[in-house]
Amino acid sequence: VDFGNLQTGEKVDDVILPAWAENATEFIRLHRLALESDYVSSNLNHWIDLIFGYKQQGKEAENANNVFFYLTYENAVDLSKIDDPIERKSIETQLAGFGQCPSQLFTTPHP
């Protein structure tokens with residue numbers, strides 16, 4: 001699997017597991033247990049609200065302390081309309097380093 005490169009150009013081809021994970025199998029087993037738990041199942045709607053829903057932007061996002069730099073939001077900037085090459089490169093670098101928020105799919109609380 002090609003995981004790409006670090007900003008230094010170094011190839012990403014491995015991970016360092018946290019100290020509590022004895023090996024990759026144990027790491028995956030514990031994460032599966034957590035993700036398939038009753039707690040996650042009963043709270044997944046809150047995560048959906050933050051990432052894809054009504055708490056992604058605006059006052060609800062502020063109330064949930066879920067706000068990011070303006071450039072990270074979808075359609076915040078149209079790179080094709082930026083003539084200044086330095087400004088364009090700086091925005092491209094910001095987006096490459098942080099990424100962009102996913103599309104907002106819901107505007108009301110997820111059930």
Side-chain angles (χ1 to χ4, degrees):
V1 175
D2 183 4
F3 293 112
N5 298 314
L6 297 176
Q7 290 178 332
T8 61
E10 181 183 351
K11 183 176 172 64
V12 177
D13 61 0
D14 200 359
V15 297
I16 298 172
L17 295 173
W20 52 262
E22 295 178 24
N23 54 52
T25 302
E26 180 70 357
F27 179 83
I28 292 170
R29 185 186 75 77
L30 291 172
H31 276 82
R32 281 185 176 161
L33 281 174
L35 291 171
E36 295 171 359
S37 71
D38 290 338
Y39 177 82
V40 169
S41 294
S42 64
N43 286 283
L44 189 59
N45 60 310
H46 301 298
W47 178 81
I48 291 170
D49 288 339
L50 289 169
I51 306 302
F52 301 106
Y54 80 108
K55 291 184 179 181
Q56 187 196 69
Q57 298 181 44
K59 191 67 178 165
E60 292 294 341
E62 291 175 26
N63 292 341
N65 197 28
N66 189 42
V67 294
F68 300 94
F69 191 60
Y70 80 98
L71 289 176
T72 65
Y73 292 99
E74 184 177 43
N75 299 321
V77 64
D78 184 350
L79 291 173
S80 69
K81 293 184 178 177
I82 299 174
D83 294 325
D84 180 350
I86 295 172
E87 181 183 1
R88 182 184 177 111
K89 182 64 175 173
S90 70
I91 292 172
E92 289 172 341
T93 301
Q94 163 72 27
L95 296 175
F98 182 84
Q100 288 185 288
C101 296
S103 298
Q104 184 176 21
L105 303 176
F106 309 106
T107 56
T108 58
H110 199 72

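Values below: all heavy atoms of this structure, side chains included; hydrogens, waters and symmetry mates excluded. Computed from a predicted structure; not experimentally measured.
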Would one find more than 12 heavy atoms of other residues, nucleotides or ligands at under 6.0 Å from atom CG of Asn65? no
Report the distance from atom CD1 of Ile91 to atom CG of Asp78, rounding to the nearest 0.5 Å. 10.5 Å
Could you state the interatomic distance from CZ (Arg29) to CZ (Arg32), rounded to the nearest 0.5 Å? 11.0 Å
For Ala64 and Lys55, which heavy atoms make the closest approach, and how far apart are they? CB-CD, 4.1 Å
Check for me, please, whether Val40 and Ile51 land in the same ILVMFWY cluster - side-chain distances under 4.5 Å, paths through other members count. no
Can you see which heavy atom on Glu74 is nearest to which on Ser103, and at what distance? OE2-OG, 2.8 Å
Of all heavy-atom pairs linking Asp2 and Lys11, the shortest is OD1-NZ, 4.0 Å
Same apolar cluster (I L V M F W Y, side chains within < 4.5 Å links), Val12/Val1: yes
Establish whether Tyr70 and Leu95 are linked, either directly or via other cluster members, by ILVMFWY side-chain heavy-atom contacts under 4.5 Å. yes
Any sub-3.5 Å donor-acceptor pair from Tyr73's side-chain atoms to Phe68's backbone N or O? yes
Which atom of Leu71 lies closest to which atom of Gln94, heavy atoms considered: CD1-CG, 3.9 Å
Rounded to the nearest 0.5 Å, what separation is found between the CD1 atom of Ile82 and the NZ atom of Lys89? 13.0 Å
Is the backbone of Asp38 close enough, under 3.5 Å, to the side chain of Ser41 for a donor and an acceptor to pair up by distance? no
Taking a hydrophobic cluster as the set of Ile, Leu, Val, Met, Phe, Trp and Tyr residues connected by side-chain heavy atoms closer than 4.5 Å, whether directly or through intermediates, do Leu33 and Tyr39 fall within one such cluster? no
Quick test of your reading: applying salt bridge (Lys or Arg N to Asp or Glu O under 4.0 Å), list the pairs with at least one residue in residues 13-25, sequence neighbours left out, ordered by first then second residue. none
Donor-acceptor pair, side chain of Glu92 and main chain of Leu79, under 3.5 angstrom: no
Do the side chain of Gln100 and the main chain of Thr72 share a donor and acceptor less than 3.5 angstrom apart? no
Tell me whether Phe98 is reachable from Val77 by hopping between hydrophobic residues (I, L, V, M, F, W, Y) whose side-chain heavy atoms are closer than 4.5 Å. no
When every non-hydrogen atom of Leu30 is compared with those of Trp20, the smallest separation belongs to CD1-CZ3, 3.6 Å
Counting distance only, does the side-chain N/O of Gln56 pair as donor-acceptor with the main-chain N or O of Leu50 below 3.5 Å? no
To the closest 0.5 Å, what do you measure between CD1 (Ile28) and CG (Leu35)? 11.5 Å
Atom of Leu17, atom of Ala21 and distance for their closest heavy-atom approach: CB-CB, 4.3 Å
Other residues, nucleotides and ligands only: do more than 12 of their heavy atoms fall within 6.0 Å of CD1 on Ile86? no
Quick check against the 3.5 Å criterion: does Asp49 have a side-chain atom that pairs as donor or acceptor with the backbone of His110? yes
